[in-house]
Amino acid sequence: MKIATWNVNSLKVRLAHLLQWLEANPVDVLCLQETKLTDDKFPVSEINSAGYQVAFSGQKTYNGVAILSKLPLTDIVRNNPLFPDEQQRILAATIGGVRFISAYVPNGQAVGTDKYAYKLAWLSALREWLAAEMRVHAEGGLAILGDYNIAPEDRDVHDPVAWAGQVLCSDLERAALTALADLGLSDAFRLFEQADKSFSWWDYRQLGYQKNKGLRIDHILLSDALKKRCTACAIDRIPRKWEQPSDHAPVIATLD
DNA sequence: ATGGCCATAGTGTATGGA
């Protein structure tokens, strides 16, 4: 089976891209972030027509997550039960015996701001919740896919000197991501040989994509049961070249 | 050249993103 994650930066604007991408990449499960739609405006019929069932949790203007699946989604949970939050950034569902979580980690804005503190608190609560979820779903496996807004290492940053200590790259954020990994979650992308300067996001400004000035901040984390089944992971840069693209590219993992 | 882009709300221009 193939599973994927994509921050679409407005599903309203990107619906045509999503449908075009699914046609070329008929993945079994796709987690979306930044849908930026209230639930009453979610394009259910268009997605159903493409052959997918869908669960979603949205809000006006900001955030919003969804999970598309060819198989039924059960036990749907919105948000982290340990972290009451008006911002819609977490959606979980069980599909074919596997627990999937679509996650949109807060951006953090800048180190030292309130938003940065919120990001760290959010990640700490995520870890607490995941520790329990992984025990419950140890056998079938758990995959948490999304926009983590953290570049794990300097090799995930186009200019590590310029980004040193900045939000998305700071030590505390990286430590929070490592703490998730320490629960027994593996970065699918790094299970395999990858090209240097592989990124999943590029700034709209300064010809960021054309100059490959990017960051790798979108990740697929797999529990051990799924890590054993994972045979490939790649970033698909193709839709970043389309007209009026999302600033993020999809990440796809293949499971036996 | 220290800012350039894009989406949203909403109709000016501010906020947020990363």
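Convention: sequence-line order gives letters A, B, ...; per-chain numbering from 1. When reading the values below, keep in mind they use all heavy atoms of this one structure, side chains included, and skip hydrogens, waters and symmetry mates.
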Distance between C1' atoms of B/dG3 and B/dA18 (Å, rounded): 15 Å

Counterpart residues, side-chain hydrogen bond (donor to acceptor under 3.5 Å, both in side chains), relative to A/Glu128 (two or more places apart): none

Sugar-phosphate, base or nothing in reach of A/Asp147, heavy atoms under 4.0 Å: sugar-phosphate

Transitive ILVMFWY side-chain link A/Val13 to A/Ile238, under 4.5 Å: no

Aromatic plane relationship, A/Tyr118 with A/Phe83 - under 30° parallel, 30 to 60° tilted, over 60° perpendicular: tilted

Pairwise 5' ranking along DNA chain B for A/Thr35 and A/Gln206, keeping only the more 5' one: A/Gln206

Spatial distance of atom CG (A/Asn7) from atom CD (A/Gln33) [nearest 0.5 Å]: 5.5 Å

5'-to-3' dot-bracket of DNA chain B (Watson-Crick, G-U; under 3.5 angstrom; crossing pairs as [ ]; | other strand): ....(((((...))))).

Euclidean distance for P, B/dG10 against B/dT15 (whole angstrom): 14 Å

Sugar-phosphate, base or nothing in reach of A/Gln166, heavy atoms under 4.0 Å: nothing

Distance under 6.0 Å and angle within 45° of ring axis: A/Arg216 vs A/Phe199: no

From CG (A/Leu73) to CZ (A/Phe56), nearest 0.5 Å: 11.0 Å

Sugar-phosphate, base or nothing in reach of A/Tyr209, heavy atoms under 4.0 Å: nothing

Rounded P spacing from B/dT13 to B/dG4 in Å: 16 Å

Test applied, ring-ring contact (aromatic ring centres under 6.0 Å, His included); reference residue, A/His219; option that passes from A/Tyr148, A/Trp201, A/Phe189: A/Tyr148

Sugar-phosphate, base or nothing in reach of A/Leu207, heavy atoms under 4.0 Å: nothing

Whichever of A/Asn7 and A/Ser10 has its nearest DNA chain B nucleotide further upstream toward 5': A/Ser10

First-last contacting nucleotides on DNA chain B - partner chain A, under 4.0 angstrom, heavy atom: B/dG4 to B/dA18

salt_bridge(A/Arg229, A/Asp224) N-O dist < 4.0 Å: no

C1' gap between B/dG17 and B/dT11, integer Å: 22 Å

Aromatic ring proximity, centroids under 6.0 angstrom, A/Trp6 and A/Trp21: yes

Spacing of the C1' atoms in B/dT2 and B/dA7 (rounded, Å): 24 Å

Sugar-phosphate, base or nothing in reach of A/Asn107, heavy atoms under 4.0 Å: base

